[in-house]
Number of protein chains: 2
Amino acid sequence: MERIVRKYRGKGFKLTPQRIAILKFLEGNTNHPTADDIYTEIKKKYPTVSFATVYNTVQALRDRGELLEITIDPERKHFDPNPSAHHHIMCTGCGKIGDVFFDYSESLGLPEEVTREFAVTGNHIDFYGVCTRCRAKTS
Amino acid sequence: MERIVRKYRGKGFKLTPQRIAILKFLEGNTNHPTADDIYTEIKKKYPTVSFATVYNTVQALRDRGELLEITIDPERKHFDPNPSAHHHIMCTGCGKIGDVFFDYSESLGLPEEVTREFAVTGNHIDFYGVCTRCRAKTS
DNA sequence: TACTATAATAGAATTATTCCAAGATAATAA
DNA sequence: TTATTATCTTGGAATAATTCTATTATAGTA
Ligand SMILES: [Mn+2]
Ligand SMILES: [Mn+2]
Ligand SMILES: [Zn+2]
Ligand SMILES: [Zn+2]
């Protein structure tokens with residue numbers, strides 16, 4: 001917690017109790033929570049917290065490059081406190097999202113008809129699969 | 001149009017005028033339209049068409065593997081009448097989505113810690129970039 | 001301790017998408 | 001053809017995710 005406070009204080013990022021709670025929840029979190037996941041968690045300690053605060057905070061973090069919005073799930077956005085370039089895999093059974101830490105950049109050259117039209121700035125791979133637990137169920 | 005009718009008739013896919021109009025609009029369409037794009041277009045000829053019909057139809061097509069739902073745009077779903085495996089690139093300026101026809105499968109091996117947990121079934125790459133027109137504007 | 005820019009909040013508004021019940025019609029077979 | 005019926009279309013309501021707004025509160029700073 002002290003680490004978090006130290007990291008953000010004095011960077012123009014105002015640290016309120018709600019924000020600190022959100023930052024603590026996100027710190028090292030690899031579950032790729034939704035806005036509702038964050039809201040539900042913070043509400044335990046701050047029952048009056050609002051969705052507006054959750055969205056405001058993740059937007060502020062996103063704008064500072066501290067957090068990524070993940071689009072792999074067609075139903076809703078998921079948030080990732082790890083802003084380093086990496087990819088994701090989602091279980092088509094339960095929706096669980098896992099990390100894929102591997103840099104494929106070297107392999108992702110684009111056809112000339114694409115580079116003629118687009119100046120490429122980034123990429124993200126969505127993998128799909130079935131997790132261990134879901135395989136156990138179905139079999 | 002006759003080709004479309006021939007393709008779907010007798011496959012348990014009931015062909016109504018609205019559906020034929022949607023199929024015609026999608027046929028060969030590489031613009032990755034949203035539900036609203038489809039609705040707006042069909043409404044020109046069938047002013048009473050509803051969003052329910054648009055969504056019902058794209059769902060029916062999706063379930064038959066004739067159409068893909070694209071998640072590259074965090075704001076809304078886009079639909080792609082080309083169900084063959086391919087990837088996409090979106091302009092971060094105007095949102096335009098282009099196709100990337102290249103099979104990267106060979107290069108997308110996954111780390112063992114991932115394959116230990118997930119049985120991989122598919123992948124899709126989102127590329128980001130800036131299109132020609134947007135580059136012209138900004139410079 | 002006072003000041004002020006910024007944040008938190010409730011709730012309304014917006015937007016995308018799904019659901020539902022009633023009427024309409026495409027496909028099929030007599 | 002015509003009758004049958006499963007499926008589709010439709011308007012509108014319902015849901016769900018996200019954003020906006022006006023007001024009140026407060027963190028950081030002087
Ligand atoms: Mn991640
Ligand atoms: Mn495409
Ligand atoms: Zn699973
Ligand atoms: Zn553009």
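In this text the structure is predicted, and so the values were computed from the model without any measurement. Just so it is clear: chains get the letters A, B, ... in the order the sequence lines come, proteins before strands, and each one is counted from 1.
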Asks: Does Pro74(B) reach a base, just sugar-phosphate, or nothing at all? Heavy atoms under 4.0 Å.
Replies: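 No contact.
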Asks: Tell me the closest heavy-atom pair linking Lys77(B) and Pro74(A), and the distance in Å.
Replies: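 That closest heavy-atom pairing would be CE-O, 3.6 Å.
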Asks: So which one's nearest nucleotide on DNA chain C is more toward 5', Ala35(B) or Phe13(B)?
Replies: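 In this pair, the answer is Ala35(B).
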Asks: Would one find a side-chain N or O of Ser50(A) under 4.0 angstrom from OP1 or OP2 of dA8(C)?
Replies: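 So the side chain of Ser50(A) is outside the cut-off, no N or O lying under 4.0 Å from OP1 or OP2 of dA8(C).
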Asks: Of the options dT17(C), dA26(C), dA10(C), whose atoms approach the side-chain atoms of Lys77(B) most closely?
Replies: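 Within the option list, the nearest is dT17(C).
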Asks: If you assign each of Arg76(B) and Lys14(B) to its closest nucleotide in DNA chain C, which residue comes earlier from the 5' end?
Replies: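 Here Arg76(B) is the residue nearer the 5' end.
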Asks: Of all the nucleotides listed (dT9(C), dA26(C), dT10(D)), which has the minimum atom distance to the side chain of Pro17(B)?
Replies: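 It is dA26(C).
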Asks: May I have the distance from Tyr55(A) (atom OH) to dA10(C) (atom P), rounded to whole angstrom?
Replies: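 Rounded to whole Å, this separation is 16 Å.
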Asks: How about Tyr104(B) and His87(B): are their ring centres within less than 6.0 Å of each other?
Replies: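 Between Tyr104(B) and His87(B), the centre distance is under 6.0 Å.
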Asks: Within the structure shown, what part of the strands sits under 4.0 Å from Thr53(A) by heavy-atom distance: base, sugar-phosphate, or nothing?
Replies: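 Base contact - Thr53(A) has a heavy atom under 4.0 Å of at least one base atom.
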Asks: Expressed as a whole number of angstroms, how long is the span from Arg62(B):CZ to dT18(C):P?
Replies: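 Between P of dT18(C) and CZ of Arg62(B): 8 Å.
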Asks: Is the distance from the ring center of Phe79(A) to that of His32(A) below 6.0 Å?
Replies: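 Distance test on ring centres: not under 6.0 Å, no.
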Asks: Whole angstrom is fine here: how far is it from CZ in Arg19(B) over to P in dA24(C)?
Replies: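 Spelled out: CZ on Arg19(B) to P on dA24(C) is 19 Å.
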Asks: Can you tell me how far C1' of dT24(D) sits from CD of Gln18(A), to the nearest Å?
Replies: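 Distance, rounded to whole Å: 13 Å.
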Asks: If you draw the axis of the six-membered ring of Phe13(B), does the NZ or CZ of Arg64(B) fall within 45° of it and under 6.0 Å from the ring centre?
Replies: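 Verdict for Phe13(B): no cation-pi partner in Arg64(B).
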Asks: How many whole angstroms separate atom CG of Asn56(A) from atom P of dA27(D)?
Replies: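 Rounding to the nearest Å, CG of Asn56(A) and P of dA27(D) are 16 Å apart.
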Asks: Rounding to an integer number of Å, can you tell me how far Gln59(B) CD sits from dT7(D) P?
Replies: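 About 16 Å, once rounded to whole Å.
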